[in-house]
Amino acid sequence: MPPANLIDGRAIAGQIQDEVAQRAAALADRGLQPGLAFVRVGEDPASKVYVGMKEKACAQLGIFSETRVLAPSTTEAELLALLTQLNADTRIHGILVQAPLPKHIREAVVYATVSPQKDVDGFHPMNVGKLMLGDPSGFLPCTPAGVHELLMRSQVQIEGAEAVILGRGNIVGKPMAAILCQKGRHANATVTICHSQTRDIKAHCRRADILIAAMGVAKFVTADMVKPGATVIDVGVNRVTDPTAKSGSRLVGDVDFEGVQPIAGRITPNPGGVGPMTIAMLMQNTIRAAELALGASVKN
Ligand code: L34
């Protein structure tokens, strides 16, 4: 039996994907199949796994997908040219350029080239700005949006809560803070972001009602850093060598699960927590992009 305080990311992601499949069927009735394009540059093994999982989710939900794999030597200009082509492709409603990109390609330039209407990753500066402004017409980045859904669908009290986020990255930490401190229902948290220069991380963590670990240090969060009863969300994906594993390596989160689980009120497993939610939110953003595109074409 799994511990009773587990937040089952796979099960909640499954619910969201069921909702997406229904919306895809409704679009199909109106003659539209949603389409998502993946762009992968080089042969990063983790990217291959993640894009493969995303392709599979599309196929299960009735979303058309195509994957463009580019050589690691691809120039930035060539990648931008492909994005311009995908921006104009009416079969494609969402575009996802899988990170990380090779060093010679500037991610910020790439993400600013994806049409904001097709930016299902929520990385375009327009969508980042809308999040900061509390404008719900944009797309939210999938991982922090997935964490927010996990909290809401697990009935975790967010309003008024002390939320402490470990990590200040553009993909998780910063947008996570913006989502939780928004004025509105299922938000209104008091948010602290901790990072490598924070003086006493443990003291901040121990105050947290909601502790979100997204800084990429294996098993950083230990039991002595967690207030009894707190909700602990583990976003970390750290691959560590493990000679006993088939592949020679194994994924561990940013949380020492064995130590923290007995004192946490609620906790995500990892794997099986945030990862599946990232994919479910990508599907949700894609279906919304297609619905908005259909709405726009009907109006014209
Ligand atoms: N552009 N690049 C772009 N968008 C993203 O949203 C991502 N990310 C991150 C890497 N690069 C990206 C993802 O999709 C990380 N990421 C991601 C997606 C899914 C999972 C983990 C990270 C996931 O489902 N993980 C499984 C375990 C998978 C395994 O065993 O390797 C889990 O249960 O957590």
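One-based numbering, in listed order, for ligands and for the atoms of each. When reading the values below, keep in mind they use all heavy atoms of this one structure, side chains included, and skip hydrogens, waters and symmetry mates.
Applying the ring-ring contact (aromatic ring centres under 6.0 Å, His included) rule to pairs touching residues 119-154 yields Y111-F123, sequence neighbours excluded.
Residues lining ligand 1 at a heavy-atom distance below 4.0 Å are given as R10, Y50, M53, K54, V97, Q98, A99, Y111, D121, F123, R239, L251, P271, G272, G275, P276, T278, I279, ordered by chain and residue number.
Each of T113, N127, N285, N87 was evaluated against D119; a single residue qualifies, N127, per the side-chain hydrogen bond (donor to acceptor under 3.5 Å, both in side chains) test.
The salt bridge (Lys or Arg N to Asp or Glu O under 4.0 Å) search around K56 returns none, not counting sequence neighbours. For E258, the salt bridge (Lys or Arg N to Asp or Glu O under 4.0 Å) criterion is met by no residue, not counting sequence neighbours.
Judged by distance alone, with hydrogens and angles left aside, the side-chain atoms of H204 form no donor-acceptor pair with the main-chain N or O of I193 at under 3.5 Å.
Interatomic distance, CE of M283 versus CD of E19, reported as 14.5 Å (0.5 Å rounding).
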